[in-house]
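Read the structure below first, then the notes.
All heavy atoms count here, side chains included; hydrogens, waters and symmetry mates do not.
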Amino acid sequence: MIFYHGSYLKIPQPDLSHSRSNVDFGRGFYVTPLYIQAVQWCGKFKRRGKDGIISCYFFDESREIELKIRKFDSYSEEWLDFILNCRSGKDETDYGLVAGGVANDKVFNTVELYFDGLINKSEAIRRLRYAEPNFQICFRTKKALELLHFERSEMV
């Protein structure tokens with residue numbers, strides 16, 4: 001399977017030292033199987049006057065059995081709890097790879113309403129059903145990153 005990472009530079013050797021904490025699935029290297037989503041990730045850099053560069057990687061799905069994985073097939077209560085734990089720095093799980101929906105700005109507005117106690121969990125999930133689907137994979141360990149192989153990069 002091919003994954004994409006949108007940035008302002010080519011990343012032939014992803015590492016964890018440049019990743020941020022307190023994001024959707026915690027510290028890690030984020031990719032997506034959706035090319036258009038990677039293009040959108042480049043948009044924030046292009047708006048700042050930088051280049052938009054998509055790095056492409058091959059991932060052999062047959063090797064994912066070597067990793068501890070958490071996949072979220074939809075926006076759910078479990079997904080919401082996981083996102084909130086990661087974004088508030090309370091995630092203590094040891095997953096090598098986490099995959100699921102993106103808490104982009106539109107989605108995170110709903111998450112913040114829940115986090116602030118302005119809506120309950122079931123209302124948050126109901127609202128998220130109407131969000132445009134996006135998908136991200138977070139490689140959270142060195143072992144997981146070793147299974148991701150750089151193919152090429154391109155400017156967008």
K121 atom NZ: more than 12 heavy-atom contacts under 6.0 Å: yes
Transitive ILVMFWY side-chain link M1 to L97, under 4.5 Å: yes
Side-chain touch Q37/Y4, heavy atoms, less than 4.5 angstrom: no
ILVMFWY cluster, L145 and F59 together (side-chain gap under 4.5 Å): yes
Atom of G96, atom of A144 and distance for their closest heavy-atom approach: O-CB, 3.3 Å
Pair R140 + D94: basic N to acidic O under 4.0 Å: no
Under 4.5 Å side-chain linkage, directly or through intermediates, the cluster mates of I53: M155
ILVMFWY network linking V31 to I2, side-chain heavy atoms under 4.5 angstrom: no
Quiz item: cation-pi between R152 and F150, 6.0 Å / 45°: no
Whether W79 side chain and G101 backbone form a donor-acceptor pair below 3.5 Å: yes
Heavy-atom side-chain proximity of F3 to T32 below 4.5 angstrom: no
Reported CZ-to-OG distance for the pair R127 and S122, which is rounded to 0.5 angstrom: 11.0 Å
Considering only distance and modelled atom types, tabulate donor-acceptor pairs under 3.5 Å from the side chains of residues 42-49, sequence neighbours left out.
{"unit_1": "K46", "atom_1": "NZ", "unit_2": "V156", "atom_2": "O", "d": "2.8"}
{"unit_1": "R47", "atom_1": "NH1", "unit_2": "G43", "atom_2": "O", "d": "3.4"}

Note, W41 side chain near I54 side chain (heavy atom, < 4.5 Å): no
Enclosure of D15 CG (heavy-atom neighbours >12, cutoff 6.0 Å): yes
Sub-4.5 Å side-chain heavy-atom contact between F139 and P14: no
Side chain proximity check, I69 to Y95, heavy atoms < 4.5 angstrom: no
Value rounded to 0.5 Å, distance of CD in E61 from CG in L147: 12.0 Å
Derivation of the salt bridge (Lys or Arg N to Asp or Glu O under 4.0 Å) call for E146 and K143: CA-CA 5 Å; E146 289 170 357; K143 181 177 180 173; over 6 Å; no
Rounded distance (nearest 0.5 Å) linking atom CG of D81 with atom NZ of K90: 11.5 Å
Side-chain touch I137/V98, heavy atoms, less than 4.5 angstrom: no
Derivation of the side-chain contact (heavy atoms from CB on, under 4.5 Å) call for E64 and K71: CA-CA 12 Å; E64 71 181 19; K71 290 185 180 180; 3.2 Å; yes
hydrophobic_cluster_shared for V39 and Y30, side chain cutoff 4.5 Å: no
Any donor-acceptor N/O pair, D116 side chain to L118 backbone, under 3.5 Å: no
Backbone N/O of I11 and side chain of S55: donor-acceptor pair under 3.5 Å: yes
Aromatic contact, F29 with Y57 (centres under 6.0 Å): yes
Path from L113 to V102 over hydrophobic side-chain contacts below 4.5 Å: no
Reported CZ-to-SG distance for the pair R27 and C138, which is rounded to 0.5 angstrom: 10.5 Å
Spacing of N120 atom CG and R126 atom CZ [to the nearest 0.5 Å]: 10.0 Å
Nearest-0.5 Å distance that lies between atom CD in E112 and atom CD1 in I119: 11.0 Å
F58 CZ: over 12 foreign heavy atoms closer than 6.0 Å: yes
Min side-chain heavy-atom separation Y114-I125 under 4.5 Å: no
pair F82-D91: side-chain heavy atoms closer than 4.5 Å: yes
Throw together a table of side-chain donor-acceptor distances under 3.5 angstrom for residues 19-26, partners on residues two or more places apart or in other chains.
{"unit_1": "S19", "atom_1": "OG", "unit_2": "L16", "atom_2": "O", "d": "2.6"}
{"unit_1": "S19", "atom_1": "OG", "unit_2": "G28", "atom_2": "N", "d": "3.4"}
{"unit_1": "N22", "atom_1": "OD1", "unit_2": "G89", "atom_2": "N", "d": "3.3"}
{"unit_1": "D24", "atom_1": "OD1", "unit_2": "R87", "atom_2": "NE", "d": "2.8"}
{"unit_1": "D24", "atom_1": "OD1", "unit_2": "R87", "atom_2": "NH2", "d": "2.5"}
{"unit_1": "D24", "atom_1": "OD2", "unit_2": "A103", "atom_2": "N", "d": "2.9"}
{"unit_1": "D24", "atom_1": "OD2", "unit_2": "Q136", "atom_2": "NE2", "d": "2.9"}

